[in-house]
2 protein chains.
Amino acid sequence: MSPRSYEHPDTEAIALPRVLFALSEPLRLHMVRMLAERGEVDSIELGPELPRSTLTHHTSLLRESGVVFVRGEGRKCLIRLRGEDLEDRFPGLLGTVLSAAESADEEPGA
Amino acid sequence: MSPRSYEHPDTEAIALPRVLFALSEPLRLHMVRMLAERGEVDSIELGPELPRSTLTHHTSLLRESGVVFVRGEGRKCLIRLRGEDLEDRFPGLLGTVLSAAESADEEPGA
DNA sequence: GTAATTGTGCGAAAATTCTCGAACAGTTAT
DNA sequence: ATAACTGTTCGAGAATTTTCGCACAATTAC
């Protein structure tokens, strides 16, 4: 009945340093970018090649820092960005970070 | 004659994850906010109560990540934000982070 | 029911970061 | 030159983060 229960910080409780730290890890930044593109995704899509416990570690950190919302669906877990909450809390932040990540991509060698 | 020499990454070489990591540390974020307010400041102002080696550690990390520019002046060292370079590299990023930090301040108890 | 699948929690090891004292180098003042 | 002052470097220890195997819980398929 209760697939699983995940704790999420209230929007007002989202802390800037923790968000920045969550986004500062290349792997997690990549996950966030994928979430921005695809919307809600199956957790496995965020890192099919990763050991499960490693994947759980990163998704949990993103969740605890207030960046993503996680919900259990059957035996899978679905993840989506807390875009609106982040926009309310830190207007423009997620957007500029995502744009910055895109622009960094366009540099080939660098 | 040569007061001291500091290495700085080229603007194009500034990496997003490193910038986010630099800003994710509360102490460094506080330094950056002070730099945004005051412009170029004496390094000691960024943390008068800190051990000098700790202060050097953080200013070096900010410099190596491309967030600040450091120059020696006599026996002191002066630090300023690389606002334009960051704006060129990651438009809007520094501004939104600073705004977010301000808005986080206004919350009393949190 | 059993088996297969998916995610979580635990624990430990590796890597990184943070802190800071001590010795050192460069600058300024006397 | 001597002394005072500022920042850097080195080193080590503490704290944190990252990784990941393994056992476990929950769900689905058979």
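Since the model is a prediction, treat every value here as computed from it, not as a measurement. The sequence lines fix the lettering, A, B, ..., with proteins before strands; numbering per chain opens at 1.
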Listed partners of B/Arg82 passing salt bridge (charged side-chain N to carboxylate O under 4.0 Å, His left out), at least two apart: B/Asp85
Length of the CD-P vector between A/Glu73 and D/dA26, whole Å: 17 Å
Pairwise side-chain hydrogen bond (donor to acceptor under 3.5 Å, both in side chains) hits with a residue in residues 88-103 of chain A, at least two apart: A/Arg89-B/Glu107, A/Thr96-B/Thr96
Which pairs of donor and acceptor atoms, one on a side chain in residues 49-56 of chain A, lie under 3.5 Å apart (sequence neighbours left out)?
residue: A/Thr56; atom: OG1; partner: A/Arg52; partner atom: O; Å: 3.1

Distance, rounded to the nearest Å, where B/Arg63 contributes CZ and D/dG7 contributes C1': 12 Å
Whole-Å distance separating the CD atom of B/Glu64 from the C1' atom of D/dT8: 12 Å
Distance test, side-chain N/O of A/Thr56 to OP1/OP2 of C/dT8, below 4.0 Å: yes
Partner residues of B/Arg71 under the side chain to side chain donor-acceptor pair (under 3.5 Å) criterion, sequence neighbours left out: B/Glu40, B/Glu73
Any residue meeting ring-ring contact (aromatic ring centres under 6.0 Å, His included) with B/Phe69, in chain and number order, not counting sequence neighbours: B/His8
For atom NZ of A/Lys76 and atom C1' of D/dA29, their distance in whole Å: 13 Å
Test side-chain contact (heavy atoms from CB on, under 4.5 Å) applied to A/Glu87 - qualifying residues, sequence neighbours left out: A/Pro91
Value in whole Å for how far the P atom of D/dT8 lies from CG of B/Leu62: 12 Å
Interatomic distance where CG belongs to A/Asp42 and C1' belongs to D/dT28 [whole Å]: 14 Å
Touch class at under 4.0 angstrom, heavy-atom based, for B/Ser43 against every strand present: sugar-phosphate
Per-nucleotide protein contact string for nucleotides 10-25 of chain D (B base, S sugar-phosphate only, - none; heavy atom under 4.0 Å): -------SBBBB----
Polar side-chain atom of A/Arg80 near backbone of A/Leu35 as donor-acceptor pair, under 3.5 Å: no
Five-pair end axes of the helix from C/dG1-D/dC30 to C/dT30-D/dA1, angle between them (10°): 20°
Donor-acceptor list for residues 23-34 of chain B side chains, cut-off 3.5 Å, not counting sequence neighbours:
residue: B/Ser24; atom: OG; partner: B/Phe21; partner atom: O; Å: 2.8
residue: B/Arg28; atom: NE; partner: B/Ala22; partner atom: O; Å: 2.9
residue: B/Arg28; atom: NH1; partner: B/His58; partner atom: ND1; Å: 3.2
residue: B/Arg28; atom: NH2; partner: B/Phe21; partner atom: O; Å: 3.4
residue: B/Arg33; atom: NH1; partner: B/Asp105; partner atom: OD1; Å: 3.3
residue: B/Arg33; atom: NH1; partner: B/Asp105; partner atom: OD2; Å: 2.8
residue: B/Arg33; atom: NH2; partner: B/Asp105; partner atom: OD2; Å: 2.5

Distance test, side-chain N/O of A/Tyr6 to OP1/OP2 of C/dT8, below 4.0 Å: yes
Given C/dA4, D/dT6, D/dT8, the nucleotide with the shortest approach to the side chain of A/Arg75: C/dA4
For atom CG of B/Leu55 and atom P of C/dT17, their distance in whole Å: 19 Å
Nucleotide C/dT6, atom P - distance to CD of A/Glu45 in whole Å: 13 Å
Backbone of A/Glu12 reached by a side-chain donor or acceptor of A/Asp10 within 3.5 Å: no
